[in-house]
Number of protein chains: 2
Amino acid sequence: MTELEQYIQSYFGVVLPDELQTISSLFKLTTIKKGEYFLKASRRCDKLSFIQSGLLRIFVDTDNREVTQWISTKGYFVTDLSSFVFEKPARWNIQALIDSELYTINIADYKKIGNMVPKWHQLEKLFIASCFATLEDRIFSHLSMTAEERYSFFFENNKELFNQVPLQYIASMLGMTPETFSRIRKKKLL
Amino acid sequence: MTELEQYIQSYFGVVLPDELQTISSLFKLTTIKKGEYFLKASRRCDKLSFIQSGLLRIFVDTDNREVTQWISTKGYFVTDLSSFVFEKPARWNIQALIDSELYTINIADYKKIGNMVPKWHQLEKLFIASCFATLEDRIFSHLSMTAEERYSFFFENNKELFNQVPLQYIASMLGMTPETFSRIRKKKLL
DNA sequence: TGATATTCTTGATTTTTGTCAAGACCAAAG
DNA sequence: CTTTGGTCTTGACAAAAATCAAGAATATCA
């Protein structure tokens, strides 16, 4: 079983081996270079990718500044979900932070899965529900934690990210300025 | 078409009238009195309800204080999604803020829908995806807006809530203290 | 109605976080 | 190696928000 198949199975729990193979065969290996855009806001996001290697940053341009919504890492999927699912303009920009390898499926092929695998929509539902729960937790962290607590929590669970991406992006996705981030960091090292 | 059916249609887009009727017939009208719990954290949430009238508050107990995650209003569904979908212990408490009328379906009946309505899992997926997008926006508001901006935005879209529920709950779900909330409020009235 | 909760407001103060500006550090490119 | 551009850190200060405490307003209920 390929790495992609293992991940699909872990997220979606597809059972029959031939179904799994059918699904994974629709994903094509593509590469994206550091700095290139996987998606630009206001365009349609017509693809879903699994990150085989690399890092992608999801962000929005506002009047004053860029707001990083999330950084996607190896072993996770990346797309603008509402654009992909509802076929409407994307709200996020998605850009490669380093050269990355992606297994990519386009919307047309993606729709085929629903026809070929009877249980697919159900599995999809479960997957999206778990994404929903993750966001609930993230909201909770903003309602109940200080910047420092959010930093510590994220650091404990994503140590490896801290020496791979510009820290200002992590600061932004945790909802603080780079300066505050830097000061918390210093405090933790003492 | 009943009000419940109209809402189901608007959220899930079920097309065939008999399917719609089949689904809605599985929801039973129940009532819950002010202060009563729809759900207690750590129990299983084995039901999904549509709010015909009333208000329910979703919250968590932390060491220091209660954190209100959300207030559900007329015309919306209420449940602990991850508990309902994955049949695991609930993370949230859900309590009626005023006497409320709910159309409630239990998990056993809910599962029947999937068998009776072929497209159901697909529609469910779309519904949950739209919930996901709503949470994305909410996270964005915490990454990019001040307490005052979050207040204004929420106020503009939920004016009616402000004279129906204790304001401290709204303050909490917007991620600020009651005092800060009160001061912003005063400032806006001047 | 009057008594009792609870909720809301307000002021004084502290803490946290943001802003602005300067300089240090570091990696990539000539 | 040196330059350059981006990133990170630091300091001084300002603004935002939290905390604590008291009192006012409001709802609840006997």
Could you tell me whether A/Arg57 sits above the aromatic face of A/Phe59, with NZ or CZ closer than 6.0 angstrom to the six-membered ring centre and within 45 degrees of the axis?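 Yes.
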Decide whether a cation-pi geometry holds between A/Lys47 and A/Tyr110; the criteria are a distance under 6.0 Å from NZ or CZ to the six-membered ring centre and an angle within 45° of the ring axis.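 Negative - A/Lys47 is either too far from the ring of A/Tyr110 or too far off its axis.
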I want to know whether A/Phe127 and A/Phe12 have ring centres closer than 6.0 Å.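 Under 6.0 Å, so yes.
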Specify the separation, in whole Å, of atom [atom1] of [X] and atom [atom2] of [N].
X	N	atom1	atom2	result
B/Leu143	C/dT17	CG	C1'	15 Å
A/Arg183	C/dT17	CZ	C1'	9 Å
A/Glu149	C/dT16	CD	C1'	12 Å
A/Glu148	C/dT16	CD	P	8 Å
A/Leu97	D/dT7	CG	P	10 Å
B/Asn64	D/dA18	CG	P	13 Å
A/Ile184	C/dT15	CD1	P	17 Å
B/Asn163	D/dT26	CG	P	13 Å

Have a look at D/dA16 and give me syn or anti from its glycosidic angle (syn if within 90° of zero).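 Chi for D/dA16 falls in the anti range.
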Out of C/dC8, D/dA17, D/dT7, which nucleotide sits closest to the side chain of B/Leu167?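 Of the candidates, C/dC8 comes closest.
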Could you please name the partner base of D/dT3, counting Watson-Crick and G-U wobble pairs only when both distances are under 3.5 Å?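 By the stated definition (distances under 3.5 Å), C/dA28 pairs with D/dT3.
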Using both distances under 3.5 Å as the test, list the Watson-Crick or G-U wobble partner of C/dA5, or none.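 C/dA5 is unpaired by these criteria.
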Same hydrophobic cluster for A/Ile98 and A/Ile51, using side-chain heavy-atom links shorter than 4.5 Å among ILVMFWY?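 Result: yes, single cluster for both.
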Do B/Asp109 and B/Lys28 pass the salt bridge (charged side-chain N to carboxylate O under 4.0 Å, His left out) test, and can you show the C-alpha distance, the side-chain angles, and the key distance before you say yes or no? CA-CA 11 Å; B/Asp109 285 339; B/Lys28 308 301 177 197; 5.9 Å; no
Could you tell me whether the phosphate oxygens of [N], OP1 or OP2, come under 4.0 Å of any side-chain nitrogen or oxygen in [X]?
X	N	result
B/Ser182	C/dC8	no
A/Thr177	C/dG18	yes
A/Arg185	D/dT9	yes
B/Lys186	C/dT9	no

Please work out if B/Lys34 contacts a base, only the sugar-phosphate, or nothing of the nucleic acid, heavy-atom cut-off 4.0 Å.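 If one applies the 4.0 Å heavy-atom cut-off, B/Lys34 turns out to touch the sugar-phosphate alone, with no base involved.
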Record whether the side chain of B/Glu179 comes under 3.5 Å of the base of D/dC20 through a donor-acceptor pair of N or O atoms.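 Side chain to base: pair present.
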